[in-house]
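As structure tokens, the structure follows; a few thoughts come after it.
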Amino acid sequence: MAARAPVSEVHRAIATALDGAFYRAVNPDLDLVAVDPIHHYAAIGWREGRDPAPWFSTQSYVAAYPEVAKAGWNPLHHYLTVGRSEGRDVVRSERAEDYLLRQARRGREPAWSFEALIAADQSAADLADASEARLCDRTLAAREFDAAFYLAGNADVAKSGLDPLDHFLEVGWREARDPNARFSVKDYLETYPDIAADDINPFVHFLEVGRAEGRVGRTELGFRYEIIKRLVPLEARVAAATRAAAGVQPGTMAVLAKALTGARTGLADLHITFSHDDYTANTGGVQLCLQREGARIAALGRDHLHVFPARPWPVVRTKGQAGHLGVLLNGKPLGVFAPGTVAGALRKAAAAVAPGRRSFAIHSLLGHAADETADIVAAAGLGAGFFWLHDFASLCAGFHLLRNDVEDCAAPPPESPACGICVYGPWRARHLAEHARLFERLALTVVSPSQPTLDLWKASWSYPAASEVILPHAVLVDREPAPATPAGRPLRLAFAGMPAAHKGWELFRELVTKHDGDPRYQFLHLGGRTPGGLPLAFHKVVVTGTRPRAMQDAIERLEIDAVLIWPLCRETFSFTAFEAVAGGAAVITGPDSGNVAAFVESSGHGRVLADEAALAALLDTGEIVELARARRKPWLYDLAFSGLTVDLLESVA
Amino acid sequence: MKVLCYSSFTFSYLNRARVLFQTVRRFHPDWETVALITDRPPPGFDFDPAREPFDRVVWADDLGVPDFAGWLFKHDVVEVCTAVKGPFIHQACASGADAVIYLDPDTALFASLAPLEALLETHDIVLTPHLIDPNDDPASIRDNDLSASRTGIFNLGFVAIRTTGEGARFARWWNDRLLDWCYDDMPQGMFVDQRWCDHVPALFDKLKVLRDPGYNVASWNLSQRTVAVGKDGAITVNGAPLRFWHFTKLGPLGDIMTRKYAGENFPVYEIWSWYKRQVAQVTDPSIPPRWWAYGSYSDGAPIDKAHRVLYRQREDLQAAFPDPFRAGGGGYRQWLERENL
């Protein structure tokens with residue numbers, strides 16, 4: 001029977017009648033570039049009720065002659081080979097009218113007579129009215145429809161080859177696809193339920209009457225809205241960390257004791273560091289600092305024991321709250337152990353040799369408990385050491401001091417309304433208590449990489465620090481004047497580093513979008529990865545322990561005029577700011593950027609602007625050209641990096 | 001000043017009321033807090049008032065409303081939860097408190113209401129208008145100004161009175177009106193307990209219309225209020241300290257109106273985000289969503305609003321069925337079925 005007809009025969013038969021253009025047009029959800037419509041309809045399409053041509057409704061045929069489908073017979077094949085000669089009826093596709101009208105509007109001759117397809121109960125006048133209305137809608141929408149925007153955001157439409165405006169008017173708006181960057185279908189329908197109830201194209205309504213009525217096409221909520229919407233309560237983050245850490249199997253005291261025997265000096269000369277992760281396995285500012293510190297300790301011929309939470313942990317732990325610690329000896333992993341095991345094994349090993357020059361530095365207490373940390377350093381016979389202010393975890397669980405991840409908070413009083421609404425607020429007391437305990441157990445010299453960081457730290461909370469010292473991670477060393485650049489070329493404004501909201505990426509993205517096509521500016525992103533889809537030039541730049549100059553070299557080579565360093569949170573140091581200036585760029589920053597603002601103000605290498613509106617104005621007015629290399633004639637610098645705690649050990653020595 | 005602070009709700013709103021009373025206790029541990037509940041705990045929910053963040057519970061059926069079952073049946077949940085505010089505030093005037101403050105369960109305090117207490121030294125009634133600044137654009141006027149014209153100039157998610165003088169006279173008048181005329185019937189000039197208070201400036205002296213933007217912040221007045229969080233940790237609204245927020249319509253509808261009028265004023269979303277976290281923390285999953293014990297007949301069948309309206313319009317039905325909730329033979333429900341209603 002025909003249902004079992006060879007596939008090739010079915011294909012041959014339906015190929016004579018299937019309208020490929022129609023099939024593609026009315027099935028935008030299908031990837032019909034890769035799949036042939038004839039094959040698709042023969043294999044799947046008819047079973048899904050899709051129509052092969054304007055004149056043939058699969059569903060109507062199946063409904064009228066259920067035995068055909070029941071026998072597994074392709075309805076179109078059945079009609080062409082049997083049904084037609086039996087006088088069976090066909091009904092036109094429900095999509096036919098719209099499709100043929102669109103074709104007609106584009107001046108294309110439909111394959112079938114349009115008039116012949118008009119349903120008997122619909123007068124030609126009605127259809128003409130509908131046709132005219134659609135044409136009006138299309139003309140209106142076309143004025144502000146952004147085809148490039150639509151295709152960029154809807155890869156399926158781009159792939160299908162459909163006209164983007166037709167797609168939007170036919171189905172796109174129903175799928176909440178936006179016609180341009182300034183109009184949100186979802187916003188409009190949510191905000192104006194009367195329009196949603198009328199089932200009319202919201203964009204057309206907006207252009208026709210909505211705008212004149214004072215309706216808003218897109219509710220501008222800003223990037224901070226999205227961050228707040230995605231905020232995960234800290235409780236949930238701790239719970240996730242707890243789950244992730246549950247599978248960690250700690251090693252025994254014997255294993256660690258044996259591993260410690262491989263130490264360079266038998267732990268006689270020993271430097272212990274604590275941080276939030278394994279600095280050899282992760283990248284970032286603190287990790288680079290620890291790499292430098294480790295290298296300098298090695299150069300001194302001492303042993304370096306690094307202790308870190310075995311799994312990332314978002315807050316400090318309290319005594320008794322389970323958590324295992326990873327241990328590195330001279331940069332090599334020894335395994336994961338319980339805190340008591342680390343203290344116990346170290347006590348034994350350290351006692352087995354005459355103590356030499358021993359020291360410790362706490363770079364971060366995240367994932368550690370104060371008493372456990374103090375117990376570990378006590379096991380090496382230590383009680384006095386260094387506490388680094390790489391971040392503000394000693395003031396709050398939100399160690400960036402970024403209230404709800406959207407705004408610098410400046411560590412207000414813990415009982416303040418601001419802390420009351422902050423996702424980190426309920427955890428602040430724990431951080432204050434654990435750090436208070438740490439300062440109570442140990443005599444700690446607080447080391448800050450910058451003056452503003454120390455100032456804020458001291459103003460916000462009072463810990464009994466043994467002393468304080470400021471030690472920048474790097475200083476500028478004069479090199480030579482930067483090569484001259486031609487005047488009048490577009491200003492090169494760059495974003496350097498990770499495209500993260502708290503680093504100011506969203507502000508940069510807004511500027512790039514706003515000034516797309518502005519001949520005055522050229523935007524660049526220098527970093528490890530870029531989100532894509534923006535009119536900017538991306539250059540892959542990754543700073544590592546072995547390539548510490550990668551960023552400043554790139555800035556110098558690309559002759560970047562200015563780097564936007566506008567973190568939402570205050571930076572305790574900012575390598576990026578120093579790298580930018582070393583490479584000859586000016587730095588543009590805001591008032592809440594901590595040491596970035598302090599550095600720019602004290603060095604004069606850029607501008608500290610009052611707020612985001614001032615930043616927008618700087619580009620709008622073009623005043624930013626004052627920062628072009630051609631105007632500034634900058635110098636190039638080298639960066640002289642500190643040895644971190646080792647500098648202090650040596651100065652103490 | 002001895003202050004009694006109360007809120008009126010059903011168990012569906014217990015989570016919100018918990019958040020409210022936690023904030024009241026934080027800023028005013030000396031106030032007496034009362035939960036006025038027009039409901040019964042759902043099966044499977046262990047309601048222990050001693051573990052709740054309020055001092056005591058008053059059940060609506062203990063307010064002494066005559067023919068309580070029939071009276072209650074005339075109202076839907078919003079109508080009755082607002083109606084009972086009248087008898088309670090009236091009775092509270094004789095409770096020994098110097099002042100009574102009503103706060104909707106979906107409000108929360110962000111700072112002390114000490115300035116309000118100070119106002120009550122010189123005024124007997126304090127009301128907060130929905131709007132303290134007019135809107136200019138048509139959409140905002142439609143959503144906010146005209147809405148307030150229909151539903152009431154003052155938002156009755158808050159009212160504060162002294163228990164003597166004009167405050168007591170107001171409480172008595174409001175009690176009287178709400179016992180008989182607390183319906184959502186805008187064509188008749190009623191919007192539950194709220195529209196009545198449009199008369200207050202005309203009927204009473206010693207009224208303070210509190211035009212401080214830090215009070216009763218809500219989606220309907222966000223178009224004219226800007227929220228900021230300072231480095232000192234203060235939250236301000238148009239420069240004034242934020243006192244309390246009205247988190248009306250927790251859910252998609254509230255979100256839409258908030259987004260529409262807050263725009264890029266992101267502290268508004270921080271505050272809402274905080275509120276949602278708080279509510280989620282104190283939500284008891286054993287209370288079914290939209291639970292209301294008086295929302296159904298004794299056999300569990302839901303009560304149509306139309307059946308409540310019919311009952312309140314027909315004195316003969318009220319006389320014939322003094323307990324209209326009762327299902328079964330000879331009951332109101334059976335009568336409705338027989339009448340094909």
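The figures here come from the full heavy-atom set of this structure, side chains too, leaving out hydrogens, waters and symmetry mates. A note on names: the letters A, B, ... follow the listed sequences, proteins ahead of strands, and every chain is numbered from 1. The structure displayed is predicted, hence computed values, not measured ones.
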Between atom [atom1] of [X] and atom [atom2] of [Y], what is the distance when rounded to the nearest 0.5 Å?
{"X": "A/Tyr225", "Y": "B/Thr258", "atom1": "OH", "atom2": "OG1", "result": "9.0 Å"}
{"X": "A/Arg224", "Y": "B/Tyr269", "atom1": "CZ", "atom2": "OH", "result": "12.5 Å"}
{"X": "A/Arg403", "Y": "B/Phe266", "atom1": "CZ", "atom2": "CZ", "result": "6.0 Å"}
{"X": "A/Glu407", "Y": "B/Glu270", "atom1": "CD", "atom2": "CD", "result": "7.0 Å"}

Does any backbone or side-chain atom of B/Ile256 lie under 4.5 Å from a heavy atom of chain A? Answer side chain, backbone, both or neither.
side chain

Need one label for A/Leu231: side chain, backbone, both or neither, based on atoms under 4.5 Å from any heavy atom in chain B.
side chain

Can you tell which part of A/Cys409 gets under 4.5 Å to a heavy atom of chain B, answering side chain, backbone, both or neither?
backbone

With a cut-off of 6.0 Å (strictly less than), are more than 12 heavy atoms of other residues, nucleotides or ligands near NZ of B/Lys276?
yes

Give me the one residue out of A/Val406, A/Val423, A/Asn404, A/Ile228 that meets side-chain contact (heavy atoms from CB on, under 4.5 Å) with B/Ser273.
A/Ile228

Could you tell me which non-hydrogen atom of [X] sits nearest to which non-hydrogen atom of [Y], and how far apart they are?
{"X": "B/Glu264", "Y": "A/Glu220", "answer": "CG-O, 3.0 Å"}
{"X": "B/Gly233", "Y": "A/Pro417", "answer": "O-CD, 3.1 Å"}
{"X": "B/Arg26", "Y": "A/Glu415", "answer": "NH2-O, 3.1 Å"}

Look only at the side chain of B/Trp274 and the backbone of A/Cys422, and say whether a donor-acceptor pair between them is shorter than 3.5 Å.
no

Donor-acceptor pair, distance only, cut-off 3.5 Å: does the side chain of B/Arg277 make one with the backbone of A/Ile421?
yes

Quick one, B/Lys231 and A/Asp592 - any side-chain contact, counting heavy atoms below 4.5 Å?
yes

Contact between A/Tyr192 and B/Lys260 at the side-chain level, heavy atoms closer than 4.5 Å - yes or no?
yes

For B/Ala234, which residues count as a side-chain contact (heavy atoms from CB on, under 4.5 Å) partner, sequence neighbours excluded?
B/Asp232

Just checking heavy atoms, which of residues 133-153 of chain B are less than 4.5 Å from chain A?
B/Pro138, B/Ala139, B/Arg142

How far apart are the C-alpha atoms of B/Arg259 and A/Glu190, what are their side-chain angles, what is the distance that settles it, and do they pass the salt bridge (charged side-chain N to carboxylate O under 4.0 Å, His left out) test?
CA-CA 10 Å; B/Arg259 286 200 299 268; A/Glu190 277 184 358; 2.5 Å; yes

Who wins among A/Val216, A/Asp408, A/Asp187, A/Ile227 for the most heavy-atom pairs under 4.5 Å with chain B?
A/Asp408

